[in-house]
Number of protein chains: 2
Amino acid sequence: MTTQARRSKPGPRRTLTEGAILDAALDLLDEGGVKAASVRGIAARVGVAPNAVYTYFPDKAAVVKAIVEHLLGQVDLAVFSDRNVPWRQRIESLALELRERLTAHPGAVNLMIGGPMDGPRALALNEHLMETLGDSGLGAAEAARASYLLIVYVFGSIALETAEQGDQTRGTSEDEKIASRLKGFSAIPAASYPLSAAAAPIMATYVSTRQYTWGLHKVLDGLTGE
Amino acid sequence: MTTQARRSKPGPRRTLTEGAILDAALDLLDEGGVKAASVRGIAARVGVAPNAVYTYFPDKAAVVKAIVEHLLGQVDLAVFSDRNVPWRQRIESLALELRERLTAHPGAVNLMIGGPMDGPRALALNEHLMETLGDSGLGAAEAARASYLLIVYVFGSIALETAEQGDQTRGTSEDEKIASRLKGFSAIPAASYPLSAAAAPIMATYVSTRQYTWGLHKVLDGLTGE
DNA sequence: GTACATTTTGTACGGCGTACAGAAATAGGC
DNA sequence: GCCTATTTCTGTACGCCGTACAAAATGTAC
């Protein structure tokens, strides 16, 4: 160890870290939605000139990618790897965990869907899903297709859920959201859309954990042929 | 008809129509992605000053909403209402039609997911799905939940599909897209992600019609408890 | 101490959505 | 057939965005 790998670069020490930038970006995302998470906004929050951000990330797309990876990295896949737990339950727990992490930052899921999810964390998630589905007795090819179906369901659900809520303040409880939706649905003309008007109380609950798990169960039922 | 309802307003005649603006916006969306579909770009294409667009739409969000409705309006739901056709097949045909219409304009589905889909066309789609699922023997509440599950699947699939393709030129065939994806997957380190590396040929086909219908069948299987 | 690599800032460019005021064009009331 | 009210479109401008470029400040290695 004659060569000190660290402490090698010349120039002033950095005043920030990538993590601090990502944290600031997430805060802004939570407070003001996607439009608030601008490079200039991030820089202002961490107390630095706008272009200083480009020392840490080549462009804004890289920041977005890093946020996505950061969020995916927050879910500890090892927790859902206990083979003593039935595979269906492991998948359900993971799906619920993902929903919780991502709905905590509305607008974040839109960032994910904006570009390809090809980072290492996304890959690890894919790997984990295929591994778990392998335990279900599915062959390798079927497990792969099935894991993509699950990814579509999870991210599609969350994306639609946050989209339907628009810019609604984040602090509201699930019951409040449902009540607010139901109120909006009262404007549906029953003459033109009788089934929708009648189903308004159900449609209001589309953004609930119950609907999420209900749909997940149907998907899993379809996968296991039952 | 003594009262001419039309030809009533003062002021110069309009030089454009809402439709012309939407067509221009869709063209730009196809050619240059979401960023190209700017108000200024649209105005330039139809040969008008940027702010003239605001005569037809109150703001850009309204234009986006109109595009979404325009696209949804392109699918003629009546075609999928023939009760002589089994309900599963009707849903499958509709799902395929939606995918075709929306993947024809990559970036458009991101616009849909960006905000709530509460326009009349979206409502009509929901109504149609609930009606069709009613034919399957599901109760009203289950049919409502099931239709949302289908919407999540359809729009989630298309959103992920267009996202994974990034800014890939639109003209490429499905086979070319798959080949390109497979090439990219060869970079997956088999040591860290053995299952994913091995499943690369399957994962490459995630963006295919086959995967889309495969997943749809699984969802429908889950819905019918088989 | 000097040379060099690196971080941060100041400034600037082009593009965005859109607000505002004014000019041109058209309808209805007299 | 003028007058007035209303509407459409343009010119201009503001504040925001992402980011390129050059210079200043700061650190390491020789």
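Residue numbering restarts at 1 for every chain, and letters A, B, ... go by the order of the sequence lines. Because the structure is predicted, anything quoted here is derived from the model rather than measured.
- E92(B) meets the side chain to side chain donor-acceptor pair (under 3.5 Å) test with H217(B); sequence neighbours excluded.
- Looking at R45(A) and E31(A), a side-chain N of the basic residue comes within less than 4.0 Å of a carboxylate O on the acidic one, giving a salt bridge.
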Review item, side-chain donor-acceptor pairs of residues 190-198 of chain B, under 3.5 Å, at least two apart:
{"residue": "Y193(B)", "atom": "OH", "partner": "P120(A)", "partner atom": "O", "Å": "3.4"}
{"residue": "S196(B)", "atom": "OG", "partner": "N126(A)", "partner atom": "ND2", "Å": "3.4"}
{"residue": "S196(B)", "atom": "OG", "partner": "E127(A)", "partner atom": "OE1", "Å": "2.6"}

Contacts under 3.5 Å, N or O only, protein and nucleotides 17-19 of chain D:
{"residue": "dC17(D)", "atom": "OP1", "partner": "S38(A)", "partner atom": "OG", "Å": "2.8"}
{"residue": "dG18(D)", "atom": "OP1", "partner": "V39(A)", "partner atom": "N", "Å": "3.1"}
{"residue": "dG18(D)", "atom": "OP1", "partner": "K60(A)", "partner atom": "NZ", "Å": "2.8"}
{"residue": "dG18(D)", "atom": "OP2", "partner": "V39(A)", "partner atom": "N", "Å": "2.9"}
{"residue": "dG18(D)", "atom": "OP2", "partner": "R40(A)", "partner atom": "N", "Å": "3.3"}
{"residue": "dG18(D)", "atom": "N7", "partner": "R40(A)", "partner atom": "NH1", "Å": "2.4"}
{"residue": "dG18(D)", "atom": "O6", "partner": "R40(A)", "partner atom": "NH1", "Å": "2.9"}
{"residue": "dT19(D)", "atom": "OP2", "partner": "Y54(A)", "partner atom": "OH", "Å": "2.7"}
{"residue": "dT19(D)", "atom": "OP2", "partner": "K60(A)", "partner atom": "N", "Å": "2.9"}
{"residue": "dT19(D)", "atom": "O5'", "partner": "Y54(A)", "partner atom": "OH", "Å": "3.2"}
{"residue": "dT19(D)", "atom": "O4", "partner": "R40(A)", "partner atom": "NH1", "Å": "3.3"}

Give each protein N/O atom lying under 3.5 Å from an N/O atom of nucleotides 22-24 of chain C, with the pair distance.
none

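- Evaluation of the ring pair (Phe, Tyr, Trp, His ring centres under 6.0 Å) rule for F155(B) yields no partner, not counting sequence neighbours.
- In this structure, R14(A) atom CZ and dT9(C) atom P are separated by 13 Å, rounded to whole Å.
- Among the nucleotides dT28(D), dT26(C), dT9(C), the one closest to the side chain of V48(A) is dT9(C).
- Partners of R40(A) according to the side chain to side chain contact (heavy atoms under 4.5 Å, CB included) rule, which considers only residues two or more places apart in sequence or in another chain, are S38(A), P50(A).
- With sequence neighbours left out, A179(B) forms a side chain to side chain contact (heavy atoms under 4.5 Å, CB included) with no residue at all.
- Counting only residues at least two apart or in different chains, salt bridge (charged side-chain N to carboxylate O under 4.0 Å, His left out) contacts with residues 101-125 of chain A comprise K65(A)-D118(A), E97(A)-R101(A).
- Distance I42(B) CD1 to dT18(C) C1': 14 Å, rounded to the nearest Å.
- Using the six-membered ring where Trp is involved, H128(B) and F80(B) have ring planes that are perpendicular, over 60° apart on the 30 and 60° scheme.
- In this structure, the side chain to side chain contact (heavy atoms under 4.5 Å, CB included) partners of D23(B), at least two apart in sequence or on a different chain, are H70(B).
- Between the C1' atom of dT7(C) and the NZ atom of K9(A) lies a distance of 9 Å, rounded to the nearest Å.
- Take T209(B) and apply the side chain to side chain contact (heavy atoms under 4.5 Å, CB included) test, not counting sequence neighbours, and it matches L96(B), R99(B), E174(B), T213(B).
- Within the 4.0 angstrom heavy-atom criterion, only backbone atoms of the sugar-phosphate kind lie near Y56(A); the bases stay farther away.
- Side-chain nitrogen and oxygen atoms of T15(B) include at least one within less than 4.0 Å of the OP1 or OP2 phosphate oxygen of dC9(D).
- Straight-line distance from the CZ atom of F57(B) to the C1' atom of dC9(D): 16 Å, rounded to whole Å.
- Residues passing the ring pair (Phe, Tyr, Trp, His ring centres under 6.0 Å) test with Y54(B), sequence neighbours excluded: none.
- For DNA chain D, no neighbouring residue in residues 24-32 of chain B is found when judged by any heavy atom under 4.0 Å.
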